[in-house]
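Start at 1 with the first residue, then count along the sequence.
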Amino acid sequence: IVYADIPVHCLKHQIIGEWTVDLTEPKITNDKAEISCGHQSPDDPKTSWTSGVDSFNPVSSVTFQLNQDSTA
């Protein structure tokens, strides 16, 4: 099972193409504070881009293509 966020404010033509997603080690927890994306609620666009910047340590990457016909 994968839990992920999507670019909800993007149009299809803005996200079509090749994507590389960096992955960290899995973390299992029941603490809702630990599974937060790190943004304030409600989100603050002035600071949200810095959330988790210093603590993100990828261990692998996956590359895939998002196509115009909604396939990957």
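Here the side chains of Ser60 and Leu23 are in contact, with some heavy-atom distance below 4.5 Å. Annotation: side chain of Trp19 is in contact with side chain of Leu66 (closest heavy-atom distance under 4.5 Å).
Residues Thr20 and Ser61 come closest through the heavy atom pair CG2-CB, 4.0 Å. Heavy atoms only, all atoms of each residue included: Lys12 and Ser70 are closest at NZ-OG, 3.0 Å.
A donor-acceptor pair is defined here as one N or O able to donate and one able to accept, closer than 3.5 Å; such a pair exists between the side chain of Asp69 and the backbone of Thr71.
With hydrophobic clusters built from ILVMFWY side chains whose heavy atoms lie under 4.5 angstrom apart, Ile15 shares a cluster with Phe64.
If you take OG1 on Thr24 and CG on Asn57, they are separated by 8.5 Å, rounding to the nearest 0.5 Å.
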